[in-house]
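Here, residue 1 is the first one in the sequence, and each next residue gets the next number. Both ligands and their constituent atoms are indexed starting at 1 by order of listing.
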Amino acid sequence: MKNFFQRFPDSLIRIGAVFLLFVSAILFVRFIIPSSLKNEEEHVKATIERETSRSVRYAGSDVCADCHEEYNVKKLGYHRNLSCETCHGPAKEHSENPTETKPVVPKKREACSLCHTYNPSRPTGFPQINPVVHNPLKPCVTCHNPHDPKPPRVPQECQACHAEIARTKAVSPHVQLECTTCHTVPQQHKVIPREVKASIPGDRTFCGKCHSKDSPAKETPKVDISTHGEKYLCWQCHYPHMPEVE
Ligand code: HEC
Ligand code: HEC
Ligand code: HEC
Ligand code: HEC
Ligand code: HEC
Ligand code: HEC
Ligand code: HEC
Ligand code: HEC
């Protein structure tokens with residue numbers, strides 16, 4: 001065999017090899033690849049056939065309305081854009097035969113934390129919690145109705161949502177100042193905090209109300225605010241919730 005190939009010049013053998021490769025590629029495309037992958041029309045037809053031959057598993061929320069009042073409850077709540085089957089799983093069989101098959105009822109915390117666990121890539125304003133510290137051990141549904149979720153009560157103290165700041169201020173020289181001395185807080189901020197914002201002080205004269213040389217406030221350390229700290233905002237150097245003086 002070796003001798004047989006040695007009778008031809010190298011270049012001829014290479015051309016032969018390329019030729020063989022070429023022919024086998026043509027044969028492969030012609031006979032081995034199924035025609036449905038080459039012809040667009042046939043391809044579309046085969047795909048439609050394949051998909052329609054699958055059995056339908058989801059019924060859609062509207063079907064549930066016939067038998068479950070949850071439909072009308074959910075329609076008006078925060079979960080209105082969630083399909084029933086997002087939580088209860090495919091329920092077509094159940095809709096046709098309600099007593100034989102039952103959809104899953106996701107009572108575990110994990111079912112809710114899937115969407116509500118804090119994740120920085122979610123849009124601001126989307127309600128998120130840290131499931132490790134947010135009322136742990138109890139299922140979410142003991143406090144939230146899954147079909148009409150809302151926070152069960154509106155917390156009145158700033159501390160409920162700004163615990164860290166409240167704890168910091170409590171041990172600072174500003175301990176006697178109310179949060180609302182420096183922040184104007186509309187009542188709605190406590191209900192929809194991301195839509196209705198609390199104000200923050202605007203400029204240096206705000207702190208000057210108590211700290212400038214001509215301020216009537218007693219018991220406050222005074223500075224000459226026309227020169228002290230130059231042009232910078234006071235809170236670029238002093239953390240307002242824990243103003244320290246080095
Ligand atoms: C034809 C009426 C009918 C339709 C349509 C229907 N259900 Fe039901 N469903 C029932 C009945 C009846 C039960 C109670 C079965 C039992 O307890 O024996 C039930 C029970 C349930 C339960 C509770 C299961 C359990 O283990 O307690 C869930 C969840 C549920 N349905 C979800 C759905 C969803 C989601 C849909 C829409 C995709 C739907 N159902 C459509 C009649 C229906
Ligand atoms: C956010 C997830 C979620 C969505 C969306 C949802 N459910 Fe539920 N559903 C639950 C959970 C969790 C429970 C269990 C509640 C409990 O045990 O207190 C439940 C319970 C039920 C039950 C059983 C009630 C009972 O007392 O046994 C029915 C019936 C039901 N859901 C129907 C529906 C229908 C119909 C829709 C759509 C209109 C729907 N659900 C949408 C999560 C959801
Ligand atoms: C598939 C994703 C998804 C799942 C699963 C889900 N939610 Fe939600 N949830 C949402 C969306 C979307 C909103 C509406 C957000 C909005 O309006 O900005 C929402 C709103 C809420 C709110 C309202 C918060 C507020 O702004 O006051 C609560 C509470 C809540 N869900 C609790 C639950 C609980 C409890 C469960 C589990 C039974 C659950 N969610 C499962 C997507 C989900
Ligand atoms: C012991 C009752 C309780 C349990 C259990 C509970 N929550 Fe809450 N949840 C609340 C209360 C009360 C609020 C209102 C804010 C506050 O006071 O912390 C709230 C607020 C929320 C909010 C709104 C946060 C926002 O920024 O708008 C979401 C979302 C939420 N809970 C989801 C869940 C999920 C998901 C679970 C389960 C993993 C869960 N909750 C378990 C009581 C509970
Ligand atoms: C229900 C929870 C909640 C309560 C109660 C609450 N806040 Fe807030 N607050 C928030 C959230 C959430 C944000 C963040 C909004 C954002 O990131 O857009 C915020 C933001 C702020 C900001 C920053 C505004 C800005 O423009 O950056 C200030 C200041 C503030 N809150 C002050 C207060 C004060 C003072 C109180 C009490 C009188 C209070 N909040 C009560 C949830 C709350
Ligand atoms: C002495 C005035 C003062 C008091 C009292 C005060 N703040 Fe502030 N707060 C400020 C100033 C000034 C800023 C802006 C800081 C910045 O932009 O760096 C601010 C910013 C904030 C912010 C947004 C930025 C951040 O640090 O997260 C929140 C939230 C906030 N304050 C909540 C509170 C709460 C809650 C209390 C009461 C426990 C409180 N503040 C008390 C002056 C004050
Ligand atoms: C309503 C009056 C009031 C306002 C407004 C106010 N403070 Fe104060 N400030 C005080 C009081 C009272 C003390 C505590 C004096 C003491 O400890 O004896 C204080 C103390 C301080 C101290 C000194 C801390 C120390 O260790 O001596 C600094 C710095 C300070 N504030 C910065 C600010 C800044 C910055 C602002 C503006 C964001 C501000 N303050 C707004 C009343 C105010
Ligand atoms: C560039 C940084 C910077 C800025 C901006 C600044 N401070 Fe100061 N502040 C300091 C430093 C550093 C000290 C401590 C050394 C000193 O007394 O000069 C201090 C001290 C203070 C003291 C304590 C004085 C005492 O006698 O105990 C007060 C009150 C104070 N600042 C208020 C303010 C107010 C109000 C503003 C805004 C008008 C402001 N600071 C802006 C850096 C700054």
### Query
Which of the numbered atoms in ligand 6 are below 4.0 angstrom from a heavy atom of Leu177?
1 (C), 5 (C)
### Task
Using a strict cut-off of 4.0 Å, indicate which atoms of ligand 8 neighbour a heavy atom of Leu233.
5 (C)
#### Entry: ligand 8-proximal atoms of Thr220, by part, heavy-atom distance under 4.0 Å
neither
### Task
From the options His211, Arg204, His228, select the one whose nearest heavy atom is closest to atom 33 (C) of ligand 8.
His228
### Query
In terms of side-chain geometry, is the basic nitrogen of Lys45 or Glu41 positioned less than 4.0 Å from the acidic oxygen of its partner?
no
### Task
Just do the ring pair (Phe, Tyr, Trp, His ring centres under 6.0 Å) check on Tyr71 and His147 with the steps written out, would you?
CA-CA 8 Å; Tyr71 181 86; His147 306 124; over 10 Å; no
#### Entry: Numbered atoms and elements of ligand 1 in range of Val63, under 4.0 angstrom, heavy atoms
5 (C)
### Query
Using the ring of each side chain (for Trp, its six-membered ring), is His183 parallel, tilted or perpendicular to His241, with breaks at 30° and 60°?
tilted
### Query
Does the shortest distance from atom 8 (Fe) of ligand 6 to an N/O/S atom of Cys179 fall below 2.8 Å?
no
### Query
Hey, is Gln236 one of the residues with a heavy atom under 4.0 angstrom from ligand 8?
no
### Query
Any protein heavy atom lying closer than 4.0 Å to atom 24 (C) of ligand 6?
no
### atom 8 (Fe) of ligand 8 contact by His238, N, O or S atom under 2.8 Å
yes
### Query
With only distance considered, is Tyr232 within less than 3.5 Å of ligand 8 through an N or O on each side?
no
### Query
In the protein, what heavy atom is nearest to atom 26 (O) of ligand 6, and what distance, to one decimal place, separates them?
Tyr239 OH, 3.8 Å
## Note on the structure
Taking 2.8 Å as the strict upper bound, atom 8 (Fe) of ligand 1 has protein N, O or S neighbours numbering 2
### Query
Heavy-atom distance to atom 1 (C) of ligand 6: which of Pro193, Cys207, Cys182 wins?
Cys182
### Distance flag for atom 14 (C) of ligand 1, protein heavy atom under 4.0 Å
no
